[in-house]
Amino acid sequence: MAKKSFIRHPKPFNTIPLFNFIFFLFSLPLVIGHETMEMEFEVKYPLVVSTWPFLEAVRAAWRAVDSGYSAVDSVVEGCSACEELRCDGTVGPGGSPDENGETTIDALIMDGVTMEVGAVAAMRYVKDGIKAARLVMQHTEHTLLVGEKASAFAISMGLPGPTNLSSSESIEKWAKWKDNHCQPNFRKNVFPPNSCGPYHPSNYMEHFDETCSNAGQMQSFSSRSLHVGLHSHDTISMAVIDRMGHIAVGTSTNGASFKIPGRVGDGPIAGSSAYAVDEVGACCATGDGDIMMRFLPCYQVVESMRLGMEPKLAAKDAIARIARKFPGFLGAVVAVNKKGEHAGACHGWTFKYSVMSPGMKDVKVFTVLP
């Protein structure tokens with residue numbers, strides 16, 4: 001007879017409760033972490049942001065991006081709408097005559113994915129600024145074309161022209177300015193200081209004393225605020241984040257009223273009027289471009305956000321850098337990060353910007369105090 005074994009075998013261990021417990025321990029922080037991630041990295045796009053209450057332009061861009069258009073194409077749709085509507089008389093044809101009474105166009109488009117930029121400046125005879133800028137980006141290895149050569153390129157690539165960009169309103173505005181002895185203007189340190197020229201440097205005539213020279217200089221400083229303000233010196237600067245999360249920016253303007261012919265403002269300058277980096281965010285700017293372009297405020301905003309600064313602080317910091325050197329300047333920026341969070345900052349005026357994002361029935365206008 002076989003001997004009975006007295007070795008005691010352990011009872012089968014029920015691993016199911018232990019497995020459930022371990023799964024619970026591991027899944028709990030994962031679930032909590034997932035919820036935290038959603039709150040922390042919640043995205044708000046598609047998104048359209050634009051300087052000023054240019055509502056129809058924002059709606060046009062929104063219709064495009066909400067229908068699946070790319071960020072670049074949606075920016076073009078939005079800025080084109082503003083050009084066609086001649087927003088505030090400072091975008092598109094028919095506004096902001098220069099010293100000769102002529103209207104010219106500055107525009108820019110930037111793809112935050114590829115970092116490609118196309119721009120036109122002081123462009124004559126072609127009304128479609130943003131479309132011309134896109135043609136530069138798509139069909140050249142250049143970044144910026146200017147003057148009549150920019151016009152010739154745009155027309156050769158299929159845009160309508162040549163077209164007279166003046167309007168009855170712009171000609172009337174210019175005529176009144178001429179009747180006021182071309183005052184105020186953007187000349188400084190010139191002789192004679194209170195006329196329509198021809199101008200010479202203030203030291204051109206030896207008998208032209210220092211008193212007159214100082215008067216001319218003071219006149220030029222005091223006149224800037226009359227040129228740079230609402231309905232006289234605005235730019236549409238627009239940022240779009242598309243359904244894929246890609247970012248683009250664009251600008252369009254006919255510049256400063258009574259500018260010296262050939263003047264190029266900040267509108268077609270990447271990093272000044274607008275800037276976009278796909279993995280970081282975007283910036284839009286408007287204001288006294290001759291001052292602002294010396295600081296590249298939109299480049300500063302985006303790089304500040306790259307380093308972790310939230311949009312509100314990045315916008316304020318960029319404006320403060322300019323104000324420390326030029327306390328009398330007028331300008332504003334809007335910062336938008338990759339998550340779709342946005343904020344504005346301004347100096348010297350009350351600024352408004354427009355936003356449309358999912359869940360909004362229509363465009364919302366935000367007011368920023370200096």
Side-chain angles (χ1 to χ4, degrees), residues 44-66 71 74-96 105-108 129-130 169 225 227-241 248-257 265-267 273-274 282-289 292 297-298 301 311-312 315-316 319 330-336 340-370:
K44 301 175 182 178
Y45 52 75
L47 177 74
V48 178
V49 177
S50 170
T51 54
W52 306 116
F54 296 147
L55 306 186
E56 290 302 323
V58 174
R59 289 169 184 148
W62 176 257
R63 286 193 295 270
V65 74
D66 195 43
S74 300
V75 166
V76 172
E77 290 295 310
C79 290
S80 290
C82 213
E83 292 170 345
E84 293 171 7
L85 293 170
R86 302 181 179 184
C87 290
D88 276 355
T90 63
V91 179
S96 300
I105 303 293
D106 294 347
L108 170 145
I130 192 69
E169 293 82 6
S225 62
H227 279 300
V228 185
L230 296 175
H231 311 297
S232 66
H233 189 81
D234 294 346
T235 300
I236 181 170
S237 184
M238 176 178 284
V240 173
I241 306 178
V249 291
T251 69
S252 184
T253 181
N254 50 44
S257 295
D266 69 328
S273 65
C283 169
C284 305
T286 184
D288 189 345
M292 297 178 74
C298 276
V301 165
K312 184 176 182 179
K316 286 186 174 182
I319 289 293
L330 304 179
V333 297
V334 182
V336 186
E341 297 169 335
H342 53 83
C346 61
H347 183 83
W349 57 8
T350 297
F351 170 61
K352 295 184 178 182
Y353 70 95
S354 305
V355 176
M356 195 156 186
S357 62
M360 289 186 181
K361 294 182 178 180
D362 201 357
V363 183
K364 183 175 181 180
V365 177
F366 293 81
T367 299
V368 183
L369 300 177

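None of the values given here were measured: they were computed from a predicted structure.
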Legend entry - Verdict with supporting geometry, L55 and V365, side-chain contact (heavy atoms from CB on, under 4.5 Å): CA-CA 9 Å; L55 306 186; V365 177; 3.7 Å; yes
Inset, instruction - Please step through side-chain contact (heavy atoms from CB on, under 4.5 Å) for the pair C82 and I236, ending with a clear verdict. - result: CA-CA 8 Å; C82 213; I236 181 170; 3.6 Å; yes
Inset, instruction - Check the pair C346, I319 against side-chain contact (heavy atoms from CB on, under 4.5 Å), reporting the backbone distance first and the verdict last. - result: CA-CA 7 Å; C346 61; I319 289 293; 5.8 Å; no
Inset, instruction - Kindly indicate, with the supporting measurements, whether the criterion disulfide (SG to SG under 2.5 Å) is fulfilled by C298 and C283. - result: CA-CA 5 Å; C298 276; C283 169; 2.3 Å; yes
Legend entry - Stepwise side-chain contact (heavy atoms from CB on, under 4.5 Å) check, N254 with R86: CA-CA 10 Å; N254 50 44; R86 302 181 179 184; over 6 Å; no
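For the atom pair CH2 (W349) and OG1 (T286), the distance works out to 4.5 Å, reported to the nearest 0.5 Å. Taken from OG1 in T367 to CZ in F351, the straight-line distance is 10.0 Å, to the nearest 0.5 Å. The distance from atom CE of M238 to atom OG of S252, rounded to the nearest 0.5 Å, is 10.5 Å. In this structure, OG in S96 is found 10.0 Å from CG in D88, a value given to the nearest 0.5 Å. Once rounded to the nearest 0.5 Å, the distance linking OG1 of T253 with CG of D266 reads 8.5 Å.
The nearest pair of heavy atoms linking V301 to A335 is CG1-CB, 3.5 Å. Of all heavy-atom pairs between S357 and W62, the closest is C-CH2, 3.6 Å. Contact detail for E83 and I130: the closest heavy-atom pair is OE2-N, 2.9 Å. Here the closest heavy-atom approach between residue P358 and residue P46 is recorded as CD-O, 2.9 Å. A pairwise comparison of heavy atoms in M356 and V58 identifies CB-CG1, 3.9 Å as the closest pair. Listed here is the closest heavy atom pair of A343 and A315: O-CB, 4.2 Å.
Counting heavy atoms from C-beta on, the side chains of D362 and R59 come closer than 4.5 Å. Between S354 and V363, the closest side-chain pair of non-hydrogen atoms falls below 4.5 Å.
Checking side-chain atoms of T51 against main-chain N and O of T235 turns up a donor-acceptor pair under 3.5 Å. A donor-acceptor pair is defined here as one N or O able to donate and one able to accept, closer than 3.5 Å; no such pair exists between the side chain of E169 and the backbone of G94. With hydrogens and angles ignored, the 3.5 Å screen pairs a side-chain donor or acceptor of T251 with a backbone N or O of G267. One N or O on the side chain of S237 and one on the backbone of S273 form a donor-acceptor pair closer than 3.5 Å. Judged purely by atom type and a 3.5 angstrom limit, W52 has no side-chain atom pairing as donor or acceptor with the backbone of K352.
Every ring pair (Phe, Tyr, Trp, His ring centres under 6.0 Å) that Y353 has, sequence neighbours left out, goes to H342, F366.
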